[in-house]
Every structure is written in structure tokens, then in C-alpha cells.
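From a predicted model like this one, the values you see are computed outputs, not experimental measurements.
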Amino acid sequence: MIDKEKIETAVRMLLEGMGENPDREGLRETPKRVARMYEEIYGGMTEEARSHLSRTFSVEHNEMVVEKDIVFYSTCEHHLMPFYGKAHVAYIPDGKVVGLSKLARTVEVYARRLQIQEQMTGQIADAVMEYLKPQGVMVLVEAEHMCMTMRGVKKPGSRTITSAARGVFAKQTALQERFFRMLRV
């Protein structure tokens, strides 16, 4: 649960630490605005993927399902800087599917936390495996990290790509290759 009062106090102290006057007109409401923003962008901390992946629909086929280009925004836990990009999720059903928006909502559950991309990729794959129980799942995430763009090495446009394969995807490279081909469509 987000403690808005603590966040407001911390933001006020941060402003003071930067040499700013938190009582000046442009900053007076900033601690409250930041607390409201954190409640929104870190809402995944109190949300579970189960709530999105538990309602399923029976199907007779078990063909690959791919939801690609799921835009997300997250925050790096190392520097508290944003990273953002696209997630691509594929799974092979085992008699049941989930509504496509539920895959995007699952990405959001994990993106809306203090996070590292490598962990987020695995969490999405693990959640789909655990709650949907498909034959396999593959997740590919590509993102730009502001901690590399705005500070440090300052390399805008560089992207980090991570993947996670579970079930039949982990065992069958042909399925992985098919997934990668589908992403290029």
C-alpha cells in the first residue's frame, strides 16, 4: 500500500536537499502531485496477475497465440529512472485461452513496480504458466532505459532485449523461431 504522507514528506526533503524551496509557488503542490503519481505508476505492487489470468475460455485447438507490441512503462529499481518499451507474449494453449487484453494487463502488473527488466520478463512468463497453465509460454521484452540515456554512458536509442521461455518453448527451438518470425510480421 502506498503511504502518500511519507512520499510527500520525502519529496519535500528531496527538494530541500537539491537546494530548492519547496514552499515556492511552482513547487508548493509538487509533493502531493508526486504522491498521487506514485500511487498510479506503482499500482502493480498491490495487484496480482492471477486476477487477470484466471478467467479463461475453452478452445478445441492448441495453436500459438501471440500478443505483440504491448507498450509498457516501468521504473528501474537501481536508479529510480524510467524504462519503457514493448513486450511480446506468446503461449501454446492447453485447452483454454484468456482474453487478449488480459495478457497486456499481466504485463502492466509487473511493469508498474520498481523493477529490473530481466526480472520482469521472467515474472510475466511465470505468471502465464502458473495461472493459465498452457503447454508453454515465451516472452520477449525490448526497452530503452533512461539510466543509460540521461545519465552514465548517455546512449539514447540503445535498447535492452530480454526473453524468457517456459514449457514447450524452452524445449523446442523451432517454436522459438516461429515466435520470432511472427514478431516480424
Practice prompt. Check the pair Lys4 / Arg36 against side chain to side chain contact (heavy atoms under 4.5 Å, CB included), numbers first and verdict last.
Written response: CA-CA 7 Å; Lys4 287 183 179 180; Arg36 283 193 311 270; 4.2 Å; yes
Response to the item:
Residues joined to Met18 in its hydrophobic cluster, side chain to side chain under 4.5 Å directly or through other members, sorted by chain and number, are Leu14
Item to complete: Please name the pair of heavy atoms, one in Met182 and one in Val66, separated by the smallest distance, quoted to 0.1 Å.
Response: CE-CG2, 3.7 Å
Worksheet entry | Arg159, CZ: over 12 other non-hydrogen atoms inside 6.0 angstrom | no
Practice prompt. Would you indicate whether Lys171, at its atom NZ, is surrounded by more than 12 heavy atoms from other residues, nucleotides or ligands within a distance under 6.0 Å?
Written response: no
Worksheet entry | Heavy-atom check, side chain of Arg55 versus side chain of Phe57, under 4.5 Å | yes
Discussion item. Same cluster or not: Met120 versus Ile161, using hydrophobic residues (I, L, V, M, F, W, Y) connected whenever any side-chain heavy atoms lie under 4.5 Å apart?
Written reply: no
Worksheet entry | Distance (rounded to the nearest 0.5 Å) between Arg166 CZ and Ile92 CD1 | 15.5 Å
Worksheet item: From Glu8 CD over to Met13 CE, what is the distance, rounded to the nearest 0.5 angstrom?
Response: 14.0 Å
Practice prompt. Write down the atom of Gly157, the atom of Glu144, and the distance for their closest heavy-atom approach.
Written response: N-OE2, 3.2 Å
Discussion item. Between Tyr42 and Thr75, is there a side-chain heavy-atom distance shorter than 4.5 Å?
Written reply: yes
Practice prompt. Please check if atom CZ in Phe180 has more than 12 non-hydrogen atoms from other residues, nucleotides or ligands closer than 6.0 Å.
Written response: yes
Item to complete: Quick one: pull up CZ in Arg12 and CG in Leu27 and give me the separation to the nearest 0.5 Å.
Response: 10.0 Å
Discussion item. Do Leu100 and Phe72 sit in one hydrophobic cluster, given that two such residues count as connected whenever their side-chain heavy atoms are within less than 4.5 Å of each other, even indirectly?
Written reply: yes
Item to complete: State whether the side chain of Arg178 and the backbone N or O of Ala174 hold a donor-acceptor pair below 3.5 Å, judged by distance alone.
Response: no
Practice prompt. Would you mind reporting whether Asp94 and Lys133 have side-chain heavy atoms less than 4.5 Å apart?
Written response: no
Fill in: Heavy atoms of other groups near Met37 CE, more than 12 under 6.0 Å
yes
Practice prompt. Kindly give the heavy-atom pair with the smallest separation between Tyr91 and Pro134, and that separation in Å.
Written response: CD1-CB, 3.9 Å
Fill in: Glu77 and Gln119: CA distance, side-chain angles, deciding distance, side-chain hydrogen bond (donor to acceptor under 3.5 Å, both in side chains) verdict
CA-CA 11 Å; Glu77 64 186 31; Gln119 177 177 280; 4.6 Å; no
Response to the item:
Interatomic distance, CE@Met138 vs CE@Met64, rounded to 0.5 Å, equals 9.5 Å
Item to complete: Grab the two heavy atoms, one from His52 and one from Thr106, that are nearest each other, plus how far apart they are.
Response: CB-OG1, 4.1 Å
Practice prompt. Kindly indicate whether the side chain of Ile70, heavy atoms from C-beta on, has any atom under 4.5 Å from the side chain of His88.
Written response: no
Worksheet item: If you group Ile, Leu, Val, Met, Phe, Trp and Tyr by side-chain heavy-atom gaps below 4.5 Å, do Val137 and Leu183 land in one group?
Response: no
Worksheet entry | Closest contact, heavy atoms only, Ile2 versus Glu39 | CG1-CA, 4.0 Å
Worksheet item: Which of these passes side-chain contact (heavy atoms from CB on, under 4.5 Å) with His145: Gln117, His79, Met81?
Response: Gln117
Worksheet item: Which atoms form the tightest heavy-atom contact between Ala49 and Val109, and what is the distance?
Response: N-CG1, 4.0 Å
Discussion item. For the OH atom of Tyr38 and the CG atom of Leu114, what is their distance to the nearest 0.5 Å?
Written reply: 8.5 Å
Worksheet entry | Listed partners of Tyr131 passing ring pair (Phe, Tyr, Trp, His ring centres under 6.0 Å), at least two apart | none
Fill in: NZ/Lys68: more than 12 non-hydrogen atoms of other groups inside 6.0 Å
yes
Worksheet item: Are Leu53 and Val89 in one and the same hydrophobic cluster, where Ile, Leu, Val, Met, Phe, Trp and Tyr link if side-chain heavy atoms are under 4.5 Å apart?
Response: yes
Worksheet item: Could you give the distance from CZ (Phe169) to CE (Met129), rounded to the nearest 0.5 Å?
Response: 10.0 Å
Worksheet item: Is there a chain of hydrophobic side chains (I, L, V, M, F, W, Y, each step under 4.5 Å between heavy atoms) that links Leu175 to Val128?
Response: no
